[in-house]
Every structure is written in structure tokens, then in C-alpha cells.
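Whatever order the structure lists them in is the order used to number ligands and atoms, beginning at 1.
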Amino acid sequence: MKKYDVVVIGAGPGGMTAALYAARANLSVAMLDRGVYGGQMNNTDDIENYPGFTSIKGPELSEKMYQSAINSGVEFVYGDVQQITLDSEQVKHIKTDSDELIANAVIIATGATHRKLGVPGEDKFAGKGVSYCAVCDGAFFRNKDVAVVGGGDSAISEGLYLANVTKNVNVIHHRDKLRAQQVLQDRAFNNQKMDFTWNSNVKEIVGDDTYVTGVKVQRNGHDETIPTSGVFIYIGNVPNSKMFANLNITDEQGWILTNDEMETSVPGIFAIGDVRKKKLRQITTAVGDGGIAGQNAYEYLEQLG
Ligand code: NAP
């Protein structure tokens, strides 16, 4: 079992920043992830609200953050975390699917995953017209009509991306106005390739033997089927925190509760980024959380002596 001062779980923007700060404080740091570093940034085309860049591709920003962390001495470790158990306050065991690590401080940065609609056809046609990632799958729908479900920042920014690569984008939203930032809304309303279907609840995703052919919605009490080749679902996220249930650090929805110092109720366990209960989930706020947690992990270890 390898021992570290700090183990950071999750290598999104928050995790990479926390790891960077902890390593620069001369701590031994492992940054764990079950996949490629970068988190949701990897599935984002253009990032236009990260200071210092007018526009930068998600994977490029991921690579830059990763290099900063690695150059500061952070060790990247692959692993799917199953549980954290406590030997004593100072000794935390982090069990992954293939290994076990020991740390004095842990920073949880496991982020959030797309929420499902939970309607018939969603699972049946997953990968056959149903997608949660425009950057990954948009190119399969070149010259085809697609639908986007949702009205937040993700639905509209990804809808704009899809408008560039597909024939037409129909945004299906259950209300009569969007929640997305005004700048995104303005762009979407001015985009000739984007239409809006308001006050419509998705009831089913329909298809033939293999692929999606339409979305059944209920509007003003009436059912109708909107023909489409693809359905991109962006209706918010759920926290990746089930594996920490034994620690009792979440609210009833699974968001991890912290104070302003990113401390959970367990001494030496911090939580940052999208998995944390907070209002604004952005790369910038994840990075801010990461800096605070990295520094506070250092101070926590100093006080332990
Ligand atoms: P979100 O902000 O929670 O928006 C989810 C959208 O889906 C809302 O319009 C919501 O409707 C709708 N919705 C929720 N449940 C639904 C259901 N069962 N059926 C139909 N519609 C449903 O989620 P998000 O857009 O994925 O964004 C997540 C976080 O990432 C946010 O904090 C966002 O600001 C951030 N983000 C930022 C950027 C950026 O800055 N460019 C880009 C992407 C994401 P209501 O409006 O009625 O609730």
C-alpha cells in the first residue's frame, strides 16, 4: 500500500488545482482518476469564460492543467475509488477497484454525471441516437436533424455546437424560457439552425429496430411525436458521491456538504468542485475550490505535526 500526504480523488479542473497547490506546498500527492484527466472539460468544445483565454478547447485546457500538476510533482494514478475508510483521524484508506492507497488528507473532486430523463427508449437507444455528449457524438449526425432536451447552460452551449455540425437543432424545453446565461441565449435565438419547442415534456424516445426516429412529447395536454435522428439530453447533473455514503458527508441528494474552507465534517477530508453543494458550478469555481482545499490540506497536516 502506497502512502501519501494527500490523495486527490478526481482529476477535473478542481482536482488538478488542488493537487497542484498541495504539491507546491511540498506534500506527496497522488491524483486518482478512473479515466482520462480533465473531467467534463474533455467533452467541452470551446471554453470562453476561463480568464486568460478568449476561447480555448476543453481538451487543451485539460492538458495545460495536467502538465502544471505533474510538473509540480503530482503522481497520477488510475483507479476507480470504491470507498474511504478511517483507521484513525490521520490515516485514511482509499480503496480502488485494483489497489489501496493511504493518505493523511483526502480531497474529493469526483464531480457530477449527466442526469437521465428516465423515459422509455432512453436506455434502449443509448448510443443509437441518444447521447449526453455533443462533442463526442455530434459528428454522427452531420446533415441530420437532432433534438436537445433542457434549457440550462449545457443544453444551449452544446446545442450551439451541434448547430455547427448538424442540419438543424430543436431545443425541447419543459418551460417557456431558458435558464442558460443570457449571452448563450442570444446566440441561440439568433442561430438560423436552432428551433425551440416550449412547454414540452419528453414522454418517450421512439425508434425503429435500430435507431432513434423521434421524440414523443406532451404539450398543452396533447401528445405529439417530433421526428429526429438524435436526442442529446442535458437536464442537469447528479453528484458522483455514492462511494462515500459511509462517511455521512452528503445531503439527501448526494451533494457533499462543506464549509467555506472546503472541509467536510470529517477532519482531513475536503470536497471541491461540482460534487460539492454550491450554487455556481463552473471551471473557475472548481479551480477556486481546489486552491483553497490544497492549501488547507497543507495547514491540516502541519497542525497534525
Ligand atoms: P442545469 O443548469 O441544472 O440545467 C438543467 C436544465 O434542464 C434546466 O433548464 C432544467 O429546467 C432542465 N431540466 C431539469 N430536469 C428536467 C427534466 N426532468 N426534464 C426536462 N428538463 C429538465 O444543468 P446544466 O445545464 O447541465 O449545467 C450544470 C452546471 O454546469 C451549471 O451550474 C451550469 O452553469 C454549468 N455549466 C456552465 C457552462 C458555461 O459556463 N459555459 C456550460 C455548461 C455547464 P428548469 O430550468 O425548469 O430547472
*With heavy atoms only and a cut-off of under 4.0 Å, state how Glu48 meets ligand 1: side chain, backbone, both or neither.*
neither
_Region of Asn237 that comes within reach of ligand 1 [heavy atoms, distance under 4.0 Å]_ = side chain
*Mark up the atoms of ligand 1 that fall under 4.0 Å of a heavy atom belonging to Arg175, in ascending order.*
45 (P), 46 (O), 47 (O)
pair [X]-[Y]: side-chain heavy atoms closer than 4.5 Å:
X	Y	result
Val231	Phe125	no
Val29	Tyr4	no
Val215	Thr197	no

*Please confirm whether the backbone N or O of Arg276 pairs with a side-chain atom of Arg281, one donor and one acceptor, at under 3.5 Å?*
yes
*asked:* Please compare Ser154, Gly150, Ala112 and report which has the shortest non-hydrogen distance to atom 44 (C) of ligand 1.
replied: Ser154
For [X], is at least one N or O under 3.5 Å away from an N or O on ligand 1?
X	answer
Lys279	no
Gly152	yes
Gly151	yes
Asn49	yes

*Working to the nearest 0.5 Å, report the span between CG of Asn240 and CG of Asp274.*
9.5 Å
*Non-hydrogen atom of Gln40 closer than 4.0 Å to ligand 1*: no
*Heavy atom of Glu158 under 4.0 Å from ligand 1?*
no
*Answer with yes or no after comparing the ring centroid distance for Phe196 and Phe189 against a 6.0 Å cut-off, counting only values under it.*
yes
